[in-house]
Amino acid sequence: MATPALAEPVTIAALGDSLTQGYGLPAEDGFVPQLQAWLTAQGADVNLVNAGVSGDTTAGGLSRIDWTLTPEVDSVIVALGGNDVLRGLPPEQAKSNLDAILTKIEERGLPVLLAGIDAPSNYGPDYEREFEAIYTDLAAKHDALLIPNFLEGLTRIEDRAMVMRDHMQSDGIHPDASGVALIVEAIGPVVLDLIARAKP
């Protein structure tokens, strides 16, 4: 009697910037380790690869995507764009870079989860609207799962002062460990959908 082969865990590469990389946190408190623990607690057989680089823009992500897509990668989370906004880079440039990243993933036949950002209004309403539309448009074009705002677990809390005090690092940009936990709780269910898409 042949024994059925044990299913391999689904490997997900998380391509992102400092929010993915875990800037300012002990290794175990970053986004990828906390998401790994959350998914494991849900019974998912998954292996997350941290492909986050602090300070990375969409252009940086595009330059790294080819060597991120190693043979063992079964699916990808793409969470880029925050540094483009911080630098005031043109939305059309970010869209072109993300489109190219998603095309390369699509060419490998891998499912993808695209995580957007809630662009600030300090560059004006047109910039804000254009930037946020990037993610909706590209998710539809590439049949990607979509989280419109990576930080939704924090931004949906109405008490902004409490969020800044209790869930953010002192720079006011990066979440602390408890903030990451809230982000993971919001994103986790969509990552479970990604895992389902990645299974043969």
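Atom set for the values below is all heavy atoms of this structure, side chains included, hydrogens, waters and symmetry mates excluded.
Two different hydrophobic clusters hold Y123 and L89 under the rule that ILVMFWY side chains link at heavy-atom gaps under 4.5 Å. Hydrophobic clustering places L98 together with L69 (ILVMFWY residues linked when any side-chain heavy atoms are closer than 4.5 Å, directly or through intermediates).
Side-chain contacts under 4.5 Å among hydrophobic residues (ILVMFWY), followed directly or transitively, place Y23 with no other residue at all.
Counted by atom type alone, Q169 and H174 present zero donor-acceptor pairs between their side chains at under 3.5 Å. A side-chain N or O of N149 and one of T155 form a donor-acceptor pair less than 3.5 Å apart. No side-chain N or O of N83 forms a donor-acceptor pair with one of T57 less than 3.5 Å apart.
Residues K95 and E130 have side chains not in contact (no heavy-atom distance under 4.5 Å, counting atoms from C-beta outward). D166 is not listed as a side-chain neighbour of S178, based on a closest heavy-atom distance of 4.5 Å or more. For the pair V46 and V191, the minimum side-chain heavy-atom distance is 4.5 Å or more. At least one side-chain heavy atom of I65 sits under 4.5 Å from a side-chain heavy atom of I105. E92 places none of its side-chain heavy atoms less than 4.5 Å from the side chain of I134. In this structure, V10 and S75 have side chains that are in contact, with non-hydrogen atoms separated by less than 4.5 Å. Residues I183 and L35 form no side-chain contact, since every pair of their non-hydrogen atoms from C-beta on lies 4.5 Å or further apart. No side-chain heavy atom of V53 sits under 4.5 Å from any side-chain heavy atom of D17.
With sequence neighbours excluded, the residues satisfying ring pair (Phe, Tyr, Trp, His ring centres under 6.0 Å) with F150 are F31.
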message: Working note: L151 + I117, criterion side chain to side chain contact (heavy atoms under 4.5 Å, CB included); need CA distance, chi angles, decisive distance, verdict.
response: CA-CA 7 Å; L151 298 173; I117 57 161; over 6 Å; no

- request: Could you check N47 against E72 for side chain to side chain contact (heavy atoms under 4.5 Å, CB included), going step by step and ending with a plain yes or no?
  value: CA-CA 10 Å; N47 175 39; E72 63 268 19; over 6 Å; no

field: From CA spacing to verdict: side chain to side chain contact (heavy atoms under 4.5 Å, CB included), L114, L138
entry: CA-CA 8 Å; L114 180 61; L138 291 180; 4.1 Å; yes

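Here the closest non-hydrogen pair linking L62 and K104 is CD1-CE, 4.1 Å. Contact between E8 and D45 at its shortest, heavy atoms only, is C-OD2, 4.2 Å.
With I12 as the partner, the side-chain contact (heavy atoms from CB on, under 4.5 Å) test is satisfied by one option alone out of V73, L48, V112: L48.
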